[in-house]
> 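Below you will find the structure I want to go over with you.
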Number of protein chains: 2
Amino acid sequence: MSNAADSTAGGVQSVDRAITILDVLARLGEVGVTELAAELDVHKSTAFRLVNTLEGRGLVEQTGERGKYRLGVGLLRLAGATTARLDVVQEARPICKSLAASTGETVNIAVLSESSALYLDQVAGSSTLQPHNWVGQHIPLHATSNGKVLLSGLAVERLDEVLHRLPAYTALTITKRSALRRELDVVREQGYAVAVDELEVGLTAVAAPIHNAHGDVIASLSVSGPTFRLGQDKLSEVIPELRQAAEEISHRLGWGHR
Amino acid sequence: MSNAADSTAGGVQSVDRAITILDVLARLGEVGVTELAAELDVHKSTAFRLVNTLEGRGLVEQTGERGKYRLGVGLLRLAGATTARLDVVQEARPICKSLAASTGETVNIAVLSESSALYLDQVAGSSTLQPHNWVGQHIPLHATSNGKVLLSGLAVERLDEVLHRLPAYTALTITKRSALRRELDVVREQGYAVAVDELEVGLTAVAAPIHNAHGDVIASLSVSGPTFRLGQDKLSEVIPELRQAAEEISHRLGWGHR
DNA sequence: GACTGTGTTGCCGAAGGCGCAACGTCTGCC
DNA sequence: GGCAGACGTTGCGCCTTCGGCAACACAGTC
C-alpha cells in the first residue's frame with residue numbers, strides 16, 4: 001500500500017483520479033480543492049470538477065458553503081452493502097454486540113487479506129468514546145492477537161508465503177520467526193491468542209478463531225482495550241466469553257454440524 | 001449529451017458512471033459486465049473499463065478469473081475513515097437547533113452509558129426559562145423518554161444486565177419490569193417514546209431513536225418541556241418533527257440501506 | 001485600498017473515453 | 001462432438017468530453 005499519487009495501472013483516467021481523491025481524503029481528513037489538485041498533480045479546475053461530481057453523489061461532502069471537502073456518508077451506504085454480503089459479519093454482528101456489552105470492550109472481526117489482517121467489523125464497548133475505528137484497515141499479522149489466530153489456521157508451509165518481514169512496533173513485538181512459530185503452536189493448543197503491548201504500548205487484545213463448515217479458520221474474533229483495564233484477572237474472565245462467542249458464530253456458519 | 005435517463009447531474013461523466021456502477025452493485029450484489037452496461041445504458045466495453053478501473057483500486061472485486069463483479073473491501077477502508085470523524089453530536093447539532101427553533105422546546109441527545117442515559121448535548125428552546133442543563137448527567141433509563149428509546153434498541157436478554165432497581169420518582173414512574181417491557185414494545189412499534197411526569201412532576205418529554213449504518217440504536221433524540229406546554233395536541237404536532245429529525249441524523253450517519 | 005488566499009466557471013483544443021466489432025472462452029443444448 | 005449463444009475481454013479510431021488556462025467572486029490580512 002504505497003501512496004497512490006499516480007497509478008498508471010488504472011484504465012479510465014478520471015475515475016482513477018476520483019478514487020485517488022477519496023484516498024487522499026481518507027488519509028488527510030479535510031482537504032481543499034487546491035491541496036487536492038497538488039496531490040493529484042492536476043489543475044485546480046480538474047480537481048474541482050472531480051470532487052464536485054463525487055459530492056453530487058454523496059461520496060464526498062463540503063464543510064460549509066465554500067469550505068473544504070471530506071468523505072461523505074454515501075460511502076457508509078456502500079460499505080454497508082459490502083459487509084451485507086459477507087455472511088460472517090452478518091451472522092456475527094448480534095453476538096459481537098452482546099460480547100461488547102458484557103465485556104465493556106471493543107470487539108472486532110478480522111480476516112486474512114493478502115499479507116495482513118483486514119478488519120471487517122467493529123462494535124464499540126460501553127465506553128462512549130470509541131478509541132479507534134479499525135474497520136477496513138490492514139494490520140500486521142505478527143503483532144496482533146487476530147493476526148496470530150489467522151496465522152494459526154494456516155498450513156505451516158504457507159506461513160512463509162504470507163509472512164515477509166517481522167518489524168518491531170514495540171519492545172514486545174515478536175520479531176523472530178522461530179518465536180512466532182512457537183507462539184502459534186501455543187495459540188493452536190489453547191484455542192486463543194493474546195497480544196499485550198505488541199502493536200502499541202498500552203493496547204491489549206485477545207482473539208479466538210471462527211471456523212467454517214469445513215473447520216478452516218476463516219476469520220478471527222477479538223476483544224481489545226487498554227492494557228490497564230485488561231489485566232490478567234479481567235482477561236481470564238473475558239477469554240471464556242470470547243471463545244464461546246467465537247464458537248457460536250462458527251456454529252451459525254455450519255461448523256460442527258457435519 | 002446523449003440522454004438524461006438516469007439520475008445524472010454530476011459533472012465528470014465517467015466518474016458519475018463509475019459511481020452508478022457502485023450503486024448498482026450495492027443494490028444487486030453480484031453483477032456481470034453485460035448487465036452493468038444495460039443498467040448504465042452504455043456499451044459493454046465502456047462498462048468493462050469502468051469496472052476494471054474500480055477493481056484496480058479495490059473498490060470492486062471479481063469473483064473468480066472471469067466472473068461477475070461485486071463491491072470490494074477497499075470501500076471498508078474509506079468508510080472506516082468516514083466513521084472515524086463522524087461524531088453524533090456534531091452531525092446532529094444543526095438539526096437539533098432547527099428542531100428546537102420550530103418546537104420552541106429543549107432538545108437533547110442521549111446515549112446509553114452503563115446503566116443509565118448519558119446526555120451528550122442540549123439545545124435550549126425559544127422559551128427564556130431553561131429548566132435544567134442535562135449535559136453530562138446520568139439519568140435513569142426507566143423514567144425518561146430517552147431512556148425508553150435506548151432500552152428499546154437493546155436485545156431483550158440484555159435488559160436485565162442494564163436494569164437494576166426501578167425506583168419511583170413520581171406517582172407515574174413505571175416501576176414494574178413487566179409494565180416496562182410492555183412499554184418498550186409500544187416504543188419499538190410506534191418508533192418513539194413519551195414520558196409525562198414520570199421523572200419529575202410537570203416535566204414531559206418525547207424521544208425518537210437515532211440509528212447508525214448498521215441499524216443499531218446508538219443514541220436518542222428528545223424534545224422536553226413543562227407538561228402544561230406539551231399537551232396532547234402539542235405533542236402530536238411535535239412528534240412528526242422529532243421523528244423526521246431523528247431520521248435525518250440517522251441518515252447522516254449512514255443509515256438507510258437500499 | 002491592494003494583495004493573497006480560497007473555491008468556482010466559461011472557453012476551446014486535444015487527450016482520452018467510448019462505441020464498434022472481433023476474439024477467447026465457457027456453458028448448455030441438440 | 002459440434003454448434004450456438006452467452007459471457008468477459010481487447011485493439012482500433014472517431015469524436016465526445018475532459019481538463020488546462022485564465023478570469024471571476026469572495027474572504028481574510030496587512
Side-chain angles (χ1 to χ4, degrees), chain A residues 4-25 27-72 85, chain B residues 1-25 27-72:
Chain A
D6 55 273
S7 51
T8 49
V12 181
Q13 186 191 54
S14 41
V15 174
D16 212 57
R17 285 175 170 171
I19 299 174
T20 303
I21 286 184
L22 295 179
D23 280 343
V24 170
L25 290 178
R27 183 154 41 89
L28 302 181
E30 299 201 346
V31 182
V33 167
T34 309
E35 196 177 347
L36 276 177
E39 287 275 345
L40 295 192
D41 198 27
V42 295
H43 197 266
K44 269 200 307 181
S45 61
T46 304
F48 170 71
R49 272 183 278 257
L50 289 171
V51 80
N52 199 41
T53 305
L54 292 172
E55 191 200 2
R57 298 301 219 91
L59 301 197
V60 153
E61 43 190 53
Q62 197 171 195
T63 69
E65 189 56 36
R66 286 192 151 218
K68 303 183 167 209
Y69 289 89
R70 62 182 183 198
L71 293 179
R85 67 165 173 74
Chain B
M1 41 215 72
S2 48
N3 58 356
D6 304 51
S7 60
T8 306
V12 182
Q13 187 190 53
S14 36
V15 174
D16 213 57
R17 286 175 170 171
I19 299 174
T20 304
I21 287 182
L22 295 178
D23 280 342
V24 170
L25 290 178
R27 186 155 38 89
L28 302 181
E30 298 201 346
V31 182
V33 166
T34 309
E35 196 177 346
L36 276 176
E39 287 275 346
L40 295 191
D41 198 27
V42 296
H43 197 266
K44 272 197 307 181
S45 61
T46 304
F48 170 72
R49 273 182 278 256
L50 289 172
V51 79
N52 197 43
T53 306
L54 292 172
E55 192 202 0
R57 297 301 218 90
L59 301 197
V60 155
E61 41 190 52
Q62 197 170 196
T63 67
E65 190 56 36
R66 289 194 149 214
K68 303 184 164 204
Y69 289 90
R70 62 183 182 203
L71 294 179

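Quantities reported herein were computed from a predicted structural model and do not represent experimental measurements. Below, read A as the first sequence line, B as the second, and so on, with proteins coming before strands; counting in each chain starts at 1.
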> May I ask you to verify if any side-chain N or O of Gln13(B) is less than 4.0 angstrom from the OP1 or OP2 atom of dC18(C)?
yes
> Report the distance from atom CG of Leu50(B) to atom P of dT10(D), rounded to the nearest whole Å.
15 Å
> Could you check how far CG of Leu40(A) sits from C1' of dG19(D), rounded to whole Å?
12 Å
> Among dG17(C), dT9(C), dG8(D), which is the nearest nucleotide to the side chain of Phe48(A)?
dT9(C)
> Any side-chain N or O of Tyr69(B) below 4.0 angstrom from OP1/OP2 of dT9(D)?
yes
> Which atom pair, heavy atoms only, marks the closest approach of Ser14(B) to Ser14(A)?
OG-OG, 2.6 Å
> What I'd like to find out is whether the side chain of Thr34(A) reaches to under 4.5 Å of the side chain of Lys44(A), using heavy atoms alone.
yes
> On DNA chain D, nearest-nucleotide positions of Val33(B) versus Arg49(B): which is more 5'?
Val33(B)
> Out of the candidates Leu54(B), Asp16(B), Leu59(B), only one should pair with Ile21(B) under the side chain to side chain contact (heavy atoms under 4.5 Å, CB included) rule; please name it.
Leu54(B)
> Taking the side chain of Lys44(A) as heavy atoms from C-beta outward, which of dC18(D), dT9(D), dG7(C) is closest to it?
dG7(C)
> Among dT9(D), dC18(D), dG11(D), find the nucleotide with the atom closest to the side chain of Gln62(B).
dT9(D)
> What nucleic acid atoms does Ser45(B) come within less than 4.0 Å of, heavy atoms only: base, sugar-phosphate, or nothing?
base
> Could you tell me if the side chain of Glu39(A) sits less than 4.5 Å from the side chain of Leu28(A), heavy atoms only?
yes
> With respect to the side chain of Val12(B), which nucleotide from dC7(D), dC18(D), dC18(C) is positioned closest?
dC18(D)
